[in-house]
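Take a look at the structure set out below.
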Amino acid sequence: MSRQPKSLGEEAGSGVRGQVRSGSPGTGDRSGRRPSKKRAPRAEGAAGRRGAQPGQKERVGGSPGPGSPRRKQAERRRHREELGERGRSSAERTCTEKRKKDGRTSLKEQRAPSRKEKEAPRKEETWKRLKKHRSPSLASGASVGESLSEEELARILEQLEDKKKLIATVRSKPWPMAKKLTELREAQEFVEKYEGALGKGKGKRLYAYRMLMAKKWVKFKRDFDNFKTQCIPWEMKIKDIESHFGSSVASYFIFLRWMYGVNLVLFGLIFGLVIIPEVLMGVPYGSIPRKTVPRAEEEKAMDFSVLWDFEGYIKYSALFYGYYNNQRTIGWLRYRLPMAYFMVGVSVFGYSLMIVIRSMASNTQGSTSEGESANFTFSFKMFTSWDYLIGNSETADNKYASITTSFKESIVDEQESNKEENIHLTRFLRVLANFLIICCLCGSGYLIYFVVKRSQEFSKMQNVSWYERNEVEIVMSLLGMFCPPLFETIAALENYHPRIGLKWQLGRIFALFLGNLYTFLLALMDDVHLKLSNEEKIKNLTHWTLFNYYNSSGWNESVPRPPLHPADVPRGSCWETAVGIEFMRLTVSDMLVTYITILLGDFLRACFVRFMNYCWCWDLEAGFPSYAEFDISGNVLGLIFNQGMIWMGSFYAPGLVGVNVLRLLTSMYFQCWAVMSSNVPHERVFKASRSNNFYMGLLLLVLFLSLLPVAYAIMSLPPSFDCGPFSGKNRMYDVIQETIENDFPTFLGKIFAFLANPGLIIPAILLMFLAIYYLNSVSKSLSRANAQLRKKIQALREVEKSHKSVKGRTTARDSEDTAKGNSKNATQLQLTKEGTTPHSASQNQTTGKKAQDPGISRSASRITLPVSQHLPVSRPPGVRPDSGQPRPQTHPWRSASGKSAPRPPH
Amino acid sequence: WSEMKVRFRLYSFLTVFQAHRRFCELLPPEHRSTEESLQTRVSLEQILSLPELKANPFKERICRVFSTSPARDSLSFEDFLDLLSVFSDTATPDLKSHYAFRIFDFDDDGTLNREDLSQLVNCLTGPGDDTRLSASEMKQLIDNILEESDIDRDGTINLSEFQHVISRSPDFASSFKIVL
């Protein structure tokens, strides 16, 4: 609201004020506008009190008499005329209405001459000409114009503008309400008196309407912002967690939410392009062998224990690879399902790669543009963190918690950066810790390798014991259980900042889990190869069975035999479905293990500690078991590896992504609940790094690792002969070739063949490498320049700070002298009891402005000293109510006027 | 009503009307006429019971800053309007930061010294003991704040230093707001 009246005033008064302001060059728009505000109360009809300032105005305006005696005379005359005009105004009240009607035009015309007159003083012809142009209905206006000289009009107009500006800006003055009211009343009386005479005040209604609209608009925007935050899923939950557990724990949930979004997109892709077309247009269940449960499994196919293992009916459903038919087109749409299947499999990886890299890039971009806020972290937290709109005590409690948490985070950061320590000792400890951990990793790697080797031997032997069969799993889970705490213990040696410590911990556990992945893939590959080697045998068996069935004797030759029931046809083992089932089981069991761990490890422990504490011999809450902390590294890695499973498995089990979406959804709610109910914040709450890029980096690595086996399978393993969309082909990617040959015009096929030429691909790859190298070097140099510039700014700030502190001390001394003569004035100050502070404050601020705007600073700093001496003289205390304003911007102008007043203008 | 009209010039019609209604609700029923409501003062406790202020840790400070009565313990309607105008959308950032400074200046001595800052921290961390900062944390925090904001190194933060900091804050103006 305060912006608009100002601009309105500017608009109206620009003709006059623009000229006045030109008298004080270099003060800029801001400082030029401020004085006019200050000038306003002084002009309240008491023309005799006009000091040096109107004189200056007059001089700038090019009044005829520049000398001081003449000016006084003119002033007196003006005063008289003004009084006369006031008396007359009541008599002219009848005419005002007429004038109001076309007040705009008359105003314009009045303003126009005043401007002209300033450009070239005393252009009588112009004035007369303009008067002639006026309509006869404006006779009264003309009479005013006659009774008042033109500059008189201009001055009133200006005062009017000032008054209006005062009315508009009085709200933004730190006065008590009573004073505001008196000021306002005076200003309003003035305006009401003269507004009619000058034909202003039209468009008031429009203005009010616009104000109302602006207000509505602001409110709407605020509501809309609220609405937007409410639309972000789980935003409130995460904010809640962040306020109690710090941003590091919240970063896990943000990561989880992001993951959920990505999986939702993948799910849409797979569901929309593969599963739905197959269900709608594919051959129905039971029509062909691959879509039917075999006879041997039929009776148990609906048992829960079988379904739980993803066998039975689930195995022969659209959730798995084997269900899909190798028909080139399905349905009336002639949808190319095998092609779509292949392309969706590829685009799952493509989309994931793209989104991970894009979010990494956007995170880095965000982190470089922090800028100035780093200089004032603590102050901002202190002075601006409370949200005064909070009216709910529960929200207020959350806010208290979040402010405390953020204070603690910043304090931990600060302590870490200020920590003075024995650098040699830390270095030694860090090397030692890394050595120990590498030993651990090597040991566990060898152990895994050894166990896997042994299990391969066991698999060849007969009648192995239960332990020998499950040795790999047992070893793996033992390692997974004991190594992370061991790493954490060792990492305590390193004495890193918790944020960096978390990264190291993540990296180490990641390396450990890679062994997990390795054994899993190895076992899977063995299985696949075994099945592939059996495939030839089964293929022959199938052919033989079918051949026997159709050619067996003892059947009437004339009637064609009904086809063999699909359930009876012998099948291959369909290794793709087996792999898909393996991933599915793994995902589900992983989910269950996570939930049970949370339930037992966190919730039951919390319950135990909470309730047994009443009857226990030591303090359970503070002592040994206590409450669990939220395990960030474990959860993040669990999420990342789970996603790796999804990426690997989604090609063989299209339904896997759907299961994963459910898992993420439930785990969001479940973990949110578990954290809030049964965990305690970390002992040292630390701020998460601004970007989740470390998580993203790990995710990218996992994505790459999971891309490898899938690409290997597509490129070099033959698909099963009797199940899946690629059955009957030599390799899975043959489907592309087939499509190009059959569905595209021949020249396109030629172009593709040409593009696939190694002679073209290798140069293209080389070119890409060159481009990457070039862009990388460019970005490196840019970031170096950026860092250098930032350093420079920092150095400048330091210099400025020391400079200011010296200057501040000297000016404080200066102003102490003036403060003695200023004591009356000091009592007037509203906000400060000492007279010295506002001066030093203003000095500081002028120097502060220097940093922002060197153009002003020179003039400002030159005149600050005169200001402080000039102040008590130019404004006797008790007359100017606004003298307590510690606004430095006013000073240049005041001193300028003060200096120019005694000086003859010519 | 002519009295009210003057105020309408200051603030928009709706705001004043709404504010007046809220103000009258705080008054005993026999004083609710327009003329009387402009004269009567409302005590601190009643103002503090406003839902908009109830959860605010600075509510007492806010009332004291805006009160014009000698004992600083009651608000007239004008003071109330004043309060609302400073916390409204349309107040300038300068004005807001000026009043923020006065609110944070607990001992009313014109500067924010260490006691003011520690009191401020205690307000921000809430009344509960579990969220209170320890003495060493508090010292660290205040040291850091003075390091950042105390430009002339006199151990206190004065108004211009305060406004200097606030002017760089992106979200001060949006959070320093009370809407009826």
Side-chain angles (χ1 to χ4, degrees), chain A residues 1-2 167 170-174 176-178 180-181 184-185 188 211-212 215 218 372-373 375-380 382-393 395-397 400-401 403-404 407-408 411 414-415 801 804-805 808-809 812 831-834 837 840-842 844-845 848 886, chain B residues 6 9-12 51-52 54-58 68 78-79 81-82 85 87 89-92 94-95 98-100 102 104 109-111 117 120-121 124-126 128 131 133 137 140-141 144-145 148-149 151-153 158-162 164-166 168-172 175-179:
Chain A
M1 209 174 186
S2 63
I167 291 170
V170 72
R171 306 175 49 185
S172 58
K173 298 209 164 57
M177 181 54 79
K180 272 187 199 172
L181 277 179
L184 187 74
R185 227 168 268 150
Q188 228 168 355
M211 248 36 283
L212 194 72
K215 222 168 175 180
V218 166
E372 193 156 34
S373 60
N375 291 331
F376 293 113
T377 13
F378 284 97
S379 305
F380 283 175
M382 185 85 144
F383 297 136
T384 70
S385 56
W386 185 262
D387 190 345
Y388 288 75
L389 282 171
I390 292 176
N392 180 353
S393 63
T395 323
D397 284 345
Y400 290 137
I403 289 175
T404 314
F407 275 150
K408 281 183 177 161
I411 288 171
E414 192 63 25
Q415 279 171 349
K801 234 180 186 177
K804 260 180 221 160
S805 68
R809 246 172 267 134
L831 61 138
T832 48
K833 285 169 183 160
E834 299 167 63
T837 31
S840 63
S842 60
N844 279 328
Q845 207 162 331
Chain B
V6 179
R9 290 301 287 240
L10 260 177
Y11 309 103
S12 83
E52 285 80 12
K54 221 166 41 190
N56 198 318
F58 304 110
T68 48
E78 283 165 9
D79 300 336
L81 255 190
D82 210 11
S85 77
F87 282 101
D89 274 329
T90 50
T92 58
D94 253 13
L95 183 75
H98 175 259
Y99 274 99
R102 287 181 60 187
F104 295 158
D109 66 348
T111 59
L117 290 177
L120 174 57
V121 173
L124 282 175
T125 52
T131 51
L133 295 183
E137 282 173 327
Q140 173 99 38
L141 190 61
N144 279 316
I145 287 168
E148 281 171 5
S149 313
I151 295 165
D152 58 6
R153 299 259 175 267
N158 56 35
L159 178 62
S160 67
E161 286 163 352
F162 182 77
H164 178 74
V165 172
I166 293 293
R168 273 128 217 266
S169 164
D171 46 24
F172 172 71
S175 69
F176 197 75
K177 223 184 325 189
I178 292 177
V179 181

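Just so it is clear: chains get the letters A, B, ... in the order the sequence lines come, proteins before strands, and each one is counted from 1.
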> What is the distance from atom CG of B/L141 to atom CD1 of A/I411, rounded to the nearest 0.5 Å?
Replying inline: 5.0 Å
> Name the one of B/V165, B/N144, B/I145 that satisfies side-chain contact (heavy atoms from CB on, under 4.5 Å) with A/M382?
Replying inline: B/I145
> What distance separates A/E414 CD from B/Q140 CD, expressed to the nearest 0.5 Å?
Replying inline: 6.0 Å
> Should the ring pair B/F87 and A/Y388 be called parallel, tilted or perpendicular, given that the plane angle runs from 0 to 90° and is split at 30 and 60?
Replying inline: tilted
>> Is any side-chain heavy atom of A/F383 closer than 4.5 Å to one of B/F104?
In response: yes
>> Looking at every non-hydrogen atom in both residues, tell me the closest pair between A/F407 and B/V121 and how far apart they are.
In response: CE1-CG1, 4.2 Å
> Given B/L133 and A/K408, is the side-chain contact (heavy atoms from CB on, under 4.5 Å) satisfied, shown in steps?
Replying inline: CA-CA 8 Å; B/L133 295 183; A/K408 281 183 177 161; 4.0 Å; yes
> Going from CH2 on A/W386 to CG on B/L120, what distance comes out if it is rounded to the nearest 0.5 angstrom?
Replying inline: 11.5 Å
